[in-house]
Asks: 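Could you have a look at this structure, given as structure tokens, before my questions?
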Amino acid sequence: MSFLEFCDVHVEYASNHGMLPAVRGVSLAVEPGETLGIAGESGCGKSTLAATVLRLLPESAAVRGKVLIDGSDVLTMGWGQLRAVRWSQAAIVFQGAMHALNPVQRVRDQLAEPIRLHRTVPSSEVGERVRNLLEQVGLAKSVTKAYPNELSGGQRQRVMIAMALACEPDLIIADEPTTALDVMVQAQVLRVLTGLVHDLNMGMILISHDLGVLATTCDRIAVMYAGRIVETGVARELFDAPEHPYTRALAAAFPRIGDPLARYAPQGLPGDPPSLGDIPTGCAFHPRCAIAIASCSESAPRVVELGHHRTVVCNLVGP
Ligand code: SF4
């Protein structure tokens with residue numbers, strides 16, 4: 001049995017213009033100990049999909065389908081069961097540590113809180129566990145006394161990783177965990193995260209717009225566009241030989257140094273992803289697709305199974 005399964009998951013946000021679809025029928029599984037990368041531009045539904053795992057979406061979101069953790073549906077479980085799942089079965093590393101950490105609490109107290117609540121070690125050993133966690137992510141013991149504003153961006157992100165590890169979950173969800181960091185620190189933090197996930201035999205969902213990062217850190221990759229999965233495959237194979245035109249554009253995209261907009265618009269790909277209220281008919285990618293044919297704007301593309309975990313959703317791929 002897979003550890004995590006998304007079964008035909010739909011998410012819509014309530015707005016003044018009605019319900020807006022952010023995730024449109026995603027089915028995906030993560031095996032125990034597997035690392036799955038989810039790629040796509042901002043606004044393609046990656047973070048919304050990941051947030052369903054711990055039911056972290058705002059009240060304006062309506063979710064349909066099933067999100068199974070170890071066979072139990074997160075979407076229908078009671079609050080008591082959900083509290084037990086959070087931290088100890090799945091934990092999340094958010095993108096901006098400064099927003100996720102409590103600015104008026106010392107690092108040691110923030111790390112100790114989930115350990116005490118979930119009673120993963122006797123209370124007399126909580127202090128030692130906190131020091132061990134910081135050591136695991138390469139931080140000095142002196143950091144225990146610090147407030148978040150006294151740490152660098154890389155140190156704060158390491159604290160976030162230590163926090164996610166606090167209750168030894170089976171799955172870590174890392175939502176663009178290094179986007180706010182400079183390139184050197186980004187590489188260091190990713191090395192710490194992926195090394196620990198591997199050493200502790202945890203599963204991981206790593207969300208990124210950077211297909212190259214996912215190819216070097218994940219077992220498999222799923223590419224999302226306009227709320228749907230458009231291609232899945234073994235990470236290195238998908239990166240080296242992308243089949244879907246959108247994946248090809250992402251794989252060919254290299255960030256332009258000094259241009260923060262490069263993360264939103266891959267080089268060589270015209271336009272932007274559609275807004276939630278204006279998703280094109282047929283294949284949602286057709287207005288930006290260089291090889292689109294007339295029928296692409298009329299009929300939904302078919303799912304093509306190419307074997308060895310590779311699926312592609314495109315009318316022009318396959319036999
Ligand atoms: Fe491009 Fe058509 Fe394939 Fe969509 S279905 S990706 S528009 S070729």
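Values reported hereafter were calculated over all heavy atoms of this structure, with side chains retained and with hydrogens, waters and symmetry mates removed. All residue numbers refer to positions in the sequence shown, counting from 1. This one's a predicted model, so the numbers in the text were calculated from it and none came from an experiment.
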Asks: Testing the basics here: between V23 and L49, what is the closest heavy-atom pair and its distance to 0.1 Å?
Replies: CG2-N, 3.9 Å
Asks: Given side chain to side chain contact (heavy atoms under 4.5 Å, CB included), test V107 with T144 step by step and report yes or no.
Replies: CA-CA 5 Å; V107 165; T144 54; 5.6 Å; no
Asks: Strictly distance-based, threshold 3.5 Å: is any side-chain N or O of S88 a donor or acceptor partner for the main-chain N or O of A84?
Replies: yes
Asks: Rounded to the nearest 0.5 Å, how far does CG of L250 lie from CD1 of I221?
Replies: 10.0 Å
Asks: Not counting sequence neighbours, list each pair that qualifies as a side chain to side chain donor-acceptor pair (under 3.5 Å) and has a residue in residues 54-63.
Replies: none
Asks: When you measure from the side chain of R288 to the backbone of G271, do you find a donor-acceptor pair of N or O atoms at a distance under 3.5 Å?
Replies: yes
Asks: Is there a side-chain contact between R236 and T216, using heavy atoms and a 4.5 Å cut-off?
Replies: yes
Asks: When you compare the side chain of V53 with that of F6, does any pair of heavy atoms fall below 4.5 Å?
Replies: yes
Asks: Are E113 and Q105 packed together at the side-chain level, in the sense that at least one heavy-atom pair is separated by less than 4.5 angstrom?
Replies: yes
Asks: Look only at the side chain of R248 and the backbone of E243, and say whether a donor-acceptor pair between them is shorter than 3.5 Å.
Replies: yes
Asks: Please state whether the rings of F285 and H244 are parallel, tilted or perpendicular, taking 30° and 60° as the class boundaries.
Replies: tilted
Asks: Does one hydrophobic cluster hold both V230 and V234, with members joined at side-chain heavy-atom distances below 4.5 Å?
Replies: no
Asks: State whether the side chain of S27 and the backbone N or O of D8 hold a donor-acceptor pair below 3.5 Å, judged by distance alone.
Replies: yes
Asks: Between T281 (side chain) and S297 (backbone), is there a donor-acceptor pair under 3.5 Å?
Replies: yes
Asks: Is there side-chain contact between L165 and I172, with at least one heavy-atom pair below 4.5 Å?
Replies: yes
Asks: Please report the closest heavy-atom contact between L134 and A140, naming both atoms and the distance.
Replies: CD1-O, 4.5 Å
Asks: Between V93 and Q157, is any pair of side-chain heavy atoms under 4.5 Å apart?
Replies: yes
Asks: Suppose we screen for salt bridge (Lys or Arg N to Asp or Glu O under 4.0 Å). Which residues come up paired with R106, at least two apart in sequence or across chains?
Replies: none
Asks: Testing R129, E168, M163 for side-chain contact (heavy atoms from CB on, under 4.5 Å) with I115, which one passes?
Replies: R129
Asks: Determine which pairs satisfy salt bridge (charged side-chain N to carboxylate O under 4.0 Å, His left out) with at least one residue from residues 133-147, sequence neighbours left out, and list them in order.
Replies: none
Asks: Walk me through whether F239 and L211 qualify under side chain to side chain contact (heavy atoms under 4.5 Å, CB included).
Replies: CA-CA 7 Å; F239 183 69; L211 208 55; 3.9 Å; yes
Asks: Looking at every non-hydrogen atom in both residues, tell me the closest pair between V126 and A112 and how far apart they are.
Replies: CG1-CB, 3.6 Å
Asks: Can you name the closest pair of heavy atoms from I207 and A50 and give their distance?
Replies: CD1-CB, 3.4 Å
Asks: Could you note down all residue pairs passing salt bridge (charged side-chain N to carboxylate O under 4.0 Å, His left out) where residues 301-319 supplies at least one of them, sequence neighbours left out?
Replies: E231-R310
Asks: Sub-3.5 Å donor-acceptor pair from the side chain of K46 to the main-chain atoms of M224, do we have one?
Replies: no
Asks: Distance-only, no hydrogens or angles: does the Q186 side chain make a donor-acceptor pair with backbone N or O of T178 under 3.5 Å?
Replies: yes
Asks: Can you name the residues that form a salt bridge (Lys or Arg N to Asp or Glu O under 4.0 Å) with E34, not counting sequence neighbours?
Replies: R220
Asks: Closest approach of T217 and T35, non-hydrogen atoms and distance?
Replies: O-OG1, 3.7 Å
Asks: Any side-chain heavy atom of E41 within less than 4.5 Å of one from L269?
Replies: yes
Asks: Within the side chain of Q110, is there an N or O that forms a donor-acceptor pair under 3.5 Å with the backbone of N102?
Replies: yes
Asks: When you measure from the side chain of R156 to the backbone N and O of L151, does any donor-acceptor pair fall under 3.5 Å?
Replies: yes
Asks: How long is the gap from SG on C296 to CG on L316, to the nearest 0.5 Å?
Replies: 5.0 Å
Asks: Tracing side-chain links under 4.5 Å among I, L, V, M, F, W and Y, which residues wind up in one group with L306?
Replies: V304, V312, V317
Asks: Indicate the atoms forming the closest heavy-atom contact of L214 with A235, along with that distance.
Replies: O-CB, 4.2 Å
Asks: If we ignore hydrogens and angles and just use 3.5 Å, is the side chain of E176 paired with the main-chain N or O of L206 as donor and acceptor?
Replies: no
Asks: I need the single residue from T52, L56, L57 that forms a side-chain contact (heavy atoms from CB on, under 4.5 Å) with L54. Which is it?
Replies: L56
